[in-house]
A.B. asks: 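This is the structure I have questions about; it appears just below.
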Amino acid sequence: MDTPAPAAAVWALYADVNGWTAWDTSLLQIDLEGPFEVGTEGTMTPEGQDTVRFRIVELVTGELFTDETVVGELTLRFIHRLAETGTGTRVTHRVEITGPGAEEIGPMVTSDVPDAMAALIKLAEAS
């Protein structure tokens with residue numbers, strides 16, 4: 001999605017991990033157990049699911065970060081990328097799921113991504 005908001009406004013919302021519930025309404029709770037940097041872990045409770053652990057596995061300040069959740073044999077990687085455009089910022093969220101049953105769980109996990117992105121952008125534009 002494109003937004004006139006600057007990348008810094010979106011990045012500030014990303015970096016406030018404990019505040020993700022403000023724009024990702026599928027999350028009931030999220031706690032990052034340290035700084036927003038590669039290797040830091042935390043817990044999240046998606047609506048209707050058990051609490052799971054996640055880890056920041058990639059981060060380039062102001063540009064991208066990837067968090068990863070492993071549930072049994074499944075690995076879910078959530079990739080968040082920002083690119084400046086001539087009129088603001090392009091926000092890209094990508095989900096990669098690998099392991100047995102990935103094709104079945106994919107639509108469930110990604111169904112709310114457009115709504116979360118719209119809410120994120122709305123908050124970034126208001127800041």
A.B. asks: How many angstroms lie between atom NE2 of His93 and atom CG of Leu120, to the nearest 0.5 angstrom?
C.D. replies: 5.5 Å

A.B. asks: Measure the acute angle between the ring planes of Tyr14 and Phe65, then classify it against the limits of 30° and 60° as parallel, tilted or perpendicular.
C.D. replies: perpendicular

A.B. asks: Could you give the distance from CD1 (Ile30) to CG (Asp67), rounded to the nearest 0.5 Å?
C.D. replies: 7.0 Å

A.B. asks: Measure from the side-chain N and O atoms of Thr66 to the backbone N and O of Val57, and report whether any donor-acceptor pair falls under 3.5 Å.
C.D. replies: no

A.B. asks: Might you point out which heavy atoms bring Ala7 and Gly62 nearest each other, and give the distance in Å?
C.D. replies: CB-O, 4.4 Å

A.B. asks: Does one hydrophobic cluster hold both Leu13 and Phe36, with members joined at side-chain heavy-atom distances below 4.5 Å?
C.D. replies: yes

A.B. asks: Would you find more than 12 non-hydrogen atoms of other residues, nucleotides or ligands less than 6.0 Å from Glu84 atom CD?
C.D. replies: no

A.B. asks: Has Arg53 got more than 12 heavy atoms of other residues, nucleotides or ligands less than 6.0 Å from its CZ?
C.D. replies: yes

A.B. asks: Give the C-alpha distance, both sets of side-chain angles, the deciding distance and a yes or no for side-chain contact (heavy atoms from CB on, under 4.5 Å) between Val52 and Thr43.
C.D. replies: CA-CA 6 Å; Val52 294; Thr43 59; over 6 Å; no

A.B. asks: Return the minimal non-hydrogen interatomic distance between Glu125 and Thr3, and the atom names on each side.
C.D. replies: OE2-OG1, 2.6 Å

A.B. asks: Under a single-linkage definition using a 4.5 Å side-chain heavy-atom cutoff for Ile, Leu, Val, Met, Phe, Trp and Tyr, are Leu74 and Ile79 assigned to the same hydrophobic cluster?
C.D. replies: no

A.B. asks: Indicate the atoms forming the closest heavy-atom contact of Thr61 with Trp11, along with that distance.
C.D. replies: CA-CZ2, 3.6 Å

A.B. asks: Examine Val71 and Met108 and state if one hydrophobic cluster contains both, with Ile, Leu, Val, Met, Phe, Trp and Tyr joined whenever side-chain heavy atoms are less than 4.5 Å apart.
C.D. replies: yes

A.B. asks: Which class fits the ring pair Trp20 and His80: parallel under 30°, tilted 30 to 60°, perpendicular over 60°?
C.D. replies: tilted

A.B. asks: Are Val95 and Ile121 connected, step by step, through hydrophobic side chains (Ile, Leu, Val, Met, Phe, Trp, Tyr) whose heavy atoms are closer than 4.5 Å?
C.D. replies: yes

A.B. asks: Is it the case that the side chain of Asp31 and the backbone of Asn18 share a donor-acceptor pair, with hydrogens and angles ignored and the cut-off at 3.5 Å?
C.D. replies: no

A.B. asks: With a 4.5 Å cut-off on side-chain heavy atoms, are Asp2 and Arg90 touching?
C.D. replies: yes

A.B. asks: Can any side-chain N or O of Thr40 pair as donor or acceptor with the backbone N or O of Pro35 at less than 3.5 Å?
C.D. replies: yes

A.B. asks: With a 4.5 Å cut-off on side-chain heavy-atom distances among I, L, V, M, F, W and Y, is there a chain of contacts connecting Leu64 to Trp23?
C.D. replies: no

A.B. asks: Looking only at heavy atoms, what is the nearest atom pair of Ala102 and Ile97, with distance?
C.D. replies: CB-O, 3.5 Å

A.B. asks: Could you give the distance from OG1 (Thr51) to CD (Gln29), rounded to the nearest 0.5 Å?
C.D. replies: 5.5 Å

A.B. asks: Drop me the distance from Thr69's OG1 to Glu41's CD, to the nearest 0.5 angstrom.
C.D. replies: 10.5 Å

A.B. asks: Going by salt bridge (charged side-chain N to carboxylate O under 4.0 Å, His left out), Arg55 matches just one of Glu33, Glu37, Glu68. Which one?
C.D. replies: Glu68

A.B. asks: If you look at every heavy atom in Pro46 and Asp50, which pair is closest and at what distance?
C.D. replies: CD-O, 3.7 Å

A.B. asks: Show the nearest heavy-atom pair for residues Phe78 and Leu76, with the distance to one decimal.
C.D. replies: CE1-CB, 3.7 Å

A.B. asks: In Å, rounded to the nearest 0.5 Å, how long is the span from CD of Glu47 to CG of Asp24?
C.D. replies: 10.5 Å

